Amino acid sequence: MKHITQLFLLILFTFAGTAVFAQSDRDKDRNEHIQAAKTAFLTDKMGLTPAQSQKFWPLYNEYQGKRHAIYEASKSLKRADLDKMSEQEIRAMIDGKFDRDQQVLNLEKEYAAKFQKVISVRQLAQLYRSEREFMKLLLQRLDDKQASSRN
């Protein structure tokens, strides 16, 4: 199973790496392939049974959607031009960052409890670790792609 998952990930990364950033259809396809690869990667790393997968993935997708919504609502924090802001505006922006981070923390706590109704605490810890591993793989793949395009 592990070798099949690794082969699947290699194929998906290769296919996803060929997408052109400027085209929205390709962006959507690339994101779908990345999500499929992430699902396979996490399922394998967590050792989910088919019964667990059936219950876990809808819950995880719900969590990811809510988490994404929190970050989308605070996009202005990243785009602010600090040179054009007053001290008061900057202070408000920083307070907004803390509010956002607290919302994310509250969401993580809420869903950790929900996840544990479906998976073990060991699998939950593996989820957190594997999410970071997957992100590292994606970043490494991007770095490799950028390095090869420079040559």
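Count residues from 1 along the sequence. Since the model is a prediction, treat every value here as computed from it, not as a measurement.
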I want to check something: taking the side chain as every heavy atom from C-beta on, are [X] and [Y] in contact at a cut-off of under 4.5 Å?
X	Y	value
Met93	Leu82	yes
Trp57	Val118	no
Lys55	Lys117	no
Tyr63	Glu108	yes

| query | For Pro58 and Ser53, which heavy atoms make the closest approach, and how far apart are they? | reply |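 What the structure gives for the nearest pair is CD-O, 4.1 Å.
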
CA sep, side-chain torsions, deciding dist, call: Gln123, Gln52, side-chain hydrogen bond (donor to acceptor under 3.5 Å, both in side chains) = CA-CA 11 Å; Gln123 287 172 310; Gln52 285 177 316; 2.9 Å; yes

Quick one: do [X] and [Y] make a salt bridge, cutoff under 4.0 Å?
X	Y	value
Asp101	Lys97	yes
Glu72	Lys75	yes
Arg30	Asp27	yes

Step by step, work out the side-chain contact (heavy atoms from CB on, under 4.5 Å) result for Phe56 and Thr43. CA-CA 10 Å; Phe56 174 77; Thr43 298; over 6 Å; no

Test side-chain contact (heavy atoms from CB on, under 4.5 Å) applied to Lys84 and Glu89, step by step:
CA-CA 10 Å; Lys84 296 180 180 178; Glu89 290 170 323; over 6 Å; no

Report task. Given side-chain hydrogen bond (donor to acceptor under 3.5 Å, both in side chains), test Tyr60 with Lys38 step by step and report yes or no. Result -> CA-CA 12 Å; Tyr60 183 81; Lys38 182 178 180 182; 3.2 Å; yes

For the atom pair [atom1] ([X]) and [atom2] ([Y]), what is the distance rounded to the nearest 0.5 Å?
X	Y	atom1	atom2	value
Gln103	Leu105	CD	CG	11.0 Å
Leu138	Asp143	CG	CG	11.0 Å
Leu124	Gln116	CG	CD	5.0 Å
Asp44	Thr39	CG	OG1	12.5 Å
Leu137	Asp144	CG	CG	10.5 Å
Ile94	Asp99	CD1	CG	12.0 Å

field: Sole residue of Arg67, Lys66, Gln64 in side-chain hydrogen bond (donor to acceptor under 3.5 Å, both in side chains) with Tyr111
entry: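 Result: among Arg67, Lys66, Gln64, Lys66 is the only option passing the side-chain hydrogen bond (donor to acceptor under 3.5 Å, both in side chains) with Tyr111.
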
* Counting only heavy atoms not in Gln54, do more than 12 sit closer than 6.0 Å to its CD atom? ->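 Open: at most 12 neighbouring heavy atoms sit under 6.0 Å from CD of Gln54.
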
Enclosure of Met85 CE (heavy-atom neighbours >12, cutoff 6.0 Å):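 Counting neighbours around CE of Met85, more than 12 heavy atoms of other residues, nucleotides or ligands fall under 6.0 Å, so yes.
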
For this session: Decide yes or no on side-chain hydrogen bond (donor to acceptor under 3.5 Å, both in side chains) for Gln102 and Asn106, but give the supporting numbers first.
Result: CA-CA 6 Å; Gln102 186 63 55; Asn106 292 344; 2.9 Å; yes

query: Shared ILVMFWY cluster between Phe41 and Tyr128, side chains joined below 4.5 angstrom?
result: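 Yes, same cluster.
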
Grouping I, L, V, M, F, W and Y whenever their side-chain heavy atoms are under 4.5 Å apart, do Tyr71 and Leu107 come out in a common cluster?
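Cluster IDs for Tyr71 and Leu107 match.
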
**Item:** Phe134 and Ile34: CA distance, side-chain angles, deciding distance, side-chain contact (heavy atoms from CB on, under 4.5 Å) verdict
**Value:** CA-CA 10 Å; Phe134 186 78; Ile34 290 171; 4.1 Å; yes

Point to revise | Step-by-step side-chain contact (heavy atoms from CB on, under 4.5 Å) determination, Arg122 to Gln126 | key: CA-CA 6 Å; Arg122 184 174 306 279; Gln126 190 61 50; 5.8 Å; no

Ser130 side chain to Leu127 main-chain N or O, any donor-acceptor pair under 3.5 Å?
no

